[in-house]
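The structure appears below as structure tokens.
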Amino acid sequence: MQTTESSSDDVPLIERALRLTQGFASWSPAAMSRLVASSHLKHHARGELLTSEADSSVSFSIVSGHVVIGRGRPQGESVKMLVLGPGSLIGLAQMIDREDPIVHSHCAHDEVVAIHMPTDLLFEIIDSHPLYWRNMLSMVMSQHGEIRESLLGQAIGSLRARLAATIDRLATAHGTDIGGTLRLRARQDDLAAILQVTRQSLSKELRALVASRVIGTKYNAITILNLEALRKVASHK
């Protein structure tokens, strides 16, 4: 098993970030030290792939920034499905189901800092401490619940309702609270790809929401001006 040693400066940062997540909170110091020693922090520029599409040897936890998840078949086009943010653990599910023909791409939506961990070692440690599986699976199931709700919201209803629901969900989960209003960094290209519509169709619906004073848009960012009105639009399927 190939590993990349973490630098001494990164060790406390990696451990602190992991212990803030449900899956790693109960790990013993010895188990945590073993994983951290073979993990490393990595900075990813916007648009950069975090891992190769078919690589299941590395799992990673997002420390900051957001990752766009794509889904497709080998040598085929990857369709952008959703955005995940800090605290998300990526790679564990693919390792469990090695026979799944679907491959996933993980692309930095903005500047991302992630902890890269060798998946085999992660499994080895969890298997040697069966009680760790409970919190890890609970965290993964919660994350997959968010994914399921995201996919349903992106697939059901009019485009305006689906767009409003997607903005609400992403801003609530990953947005920044600025003076009581939520601000979400989101490129129109990514939103269009997630909703599987053209950029022109998406822009038309965004302009309608702006004209209604529900949201504001500026520099690849969306500010929710009226959350109640946004959720009302989302409910009109």
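Remember, predicted model here, so these are calculated numbers, not experimental data.
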Requested in this report: Please assess Lys42 against His40 for the test side-chain contact (heavy atoms from CB on, under 4.5 Å), listing each intermediate value before the final yes or no.
Outcome: CA-CA 6 Å; Lys42 189 171 180 180; His40 64 284; 4.2 Å; yes

Any heavy-atom pair between the side chains of [Y] and [X] that's under 4.5 Å?
| X | Y | answer |
| --- | --- | --- |
| Leu225 | Val210 | no |
| Thr176 | Leu182 | no |
| Met139 | Leu89 | yes |
| Ser61 | Ser88 | no |
| Ile224 | Thr181 | no |
| His66 | Val112 | no |
| Glu48 | Cys107 | no |
| Ser201 | Glu205 | no |

Taking all atoms of both residues into account, what is the closest heavy-atom pair of [X] and [Y], and its distance?
| X | Y | result |
| --- | --- | --- |
| Asn135 | Ser26 | ND2-OG, 3.2 Å |
| Asn226 | Arg213 | CB-O, 4.1 Å |
| Ser64 | Pro86 | CA-CG, 4.1 Å |
| Ala108 | Ala45 | CB-O, 3.3 Å |

Between atom [atom1] of [X] and atom [atom2] of [Y], what is the distance when rounded to the nearest 0.5 Å?
| X | Y | atom1 | atom2 | result |
| --- | --- | --- | --- | --- |
| Leu195 | Arg162 | CG | CZ | 5.5 Å |
| Ile62 | Leu50 | CD1 | CG | 7.5 Å |
| Leu202 | Arg187 | CG | CZ | 13.0 Å |
| Leu191 | Ile167 | CG | CD1 | 6.5 Å |
| Leu159 | Thr198 | CG | OG1 | 8.5 Å |
| Leu209 | Thr217 | CG | OG1 | 10.0 Å |

Ion pair [X]/[Y], N-O distance below 4.0 Å:
| X | Y | result |
| --- | --- | --- |
| Asp168 | Arg231 | yes |
| Arg34 | Glu124 | yes |
| Arg19 | Glu15 | yes |

Query raised in the report: Does Pro29 offer a backbone N or O that forms a donor-acceptor pair with the side chain of Ser33 under 3.5 Å?
Result: yes

Query raised in the report: Can any side-chain N or O of Ser39 pair as donor or acceptor with the backbone N or O of Leu35 at less than 3.5 Å?
Result: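 Yes; at least one donor-acceptor contact below 3.5 Å.
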
**Report entry** Residues Met136, Ile126; criterion side-chain contact (heavy atoms from CB on, under 4.5 Å); working and verdict
**Finding:** CA-CA 9 Å; Met136 186 63 67; Ile126 299 175; 3.9 Å; yes

Query raised in the report: Quick one: do the Asp127 and Trp133 side chains pair a donor with an acceptor below 3.5 Å?
Result: yes

Query raised in the report: Are side-chain N/O atoms of Ser59 and Thr119 paired as donor and acceptor at under 3.5 Å?
Result: yes

Report task. Please name the residue in the list Phe123, Trp27, Phe24 that meets the ring-ring contact (aromatic ring centres under 6.0 Å, His included) test with Tyr132. Result -> Trp27

Query raised in the report: Would you say Leu20 and Val67 are hydrophobically clustered, going by side-chain heavy atoms of ILVMFWY under 4.5 Å?
Result: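 No; Val67 is not reachable from Leu20 via cluster members.
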
Report task. Mind running side-chain contact (heavy atoms from CB on, under 4.5 Å) on Phe60 and Ile115 for me, showing each step along the way? Result -> CA-CA 5 Å; Phe60 57 90; Ile115 302 168; 5.8 Å; no

Report task. State yes or no: are the ring centers of His44 and His106 separated by less than 6.0 Å? Result -> no

**Report entry** Stepwise side-chain contact (heavy atoms from CB on, under 4.5 Å) test for Thr223 and Lys218
**Finding:** CA-CA 8 Å; Thr223 301; Lys218 187 176 182 181; over 6 Å; no

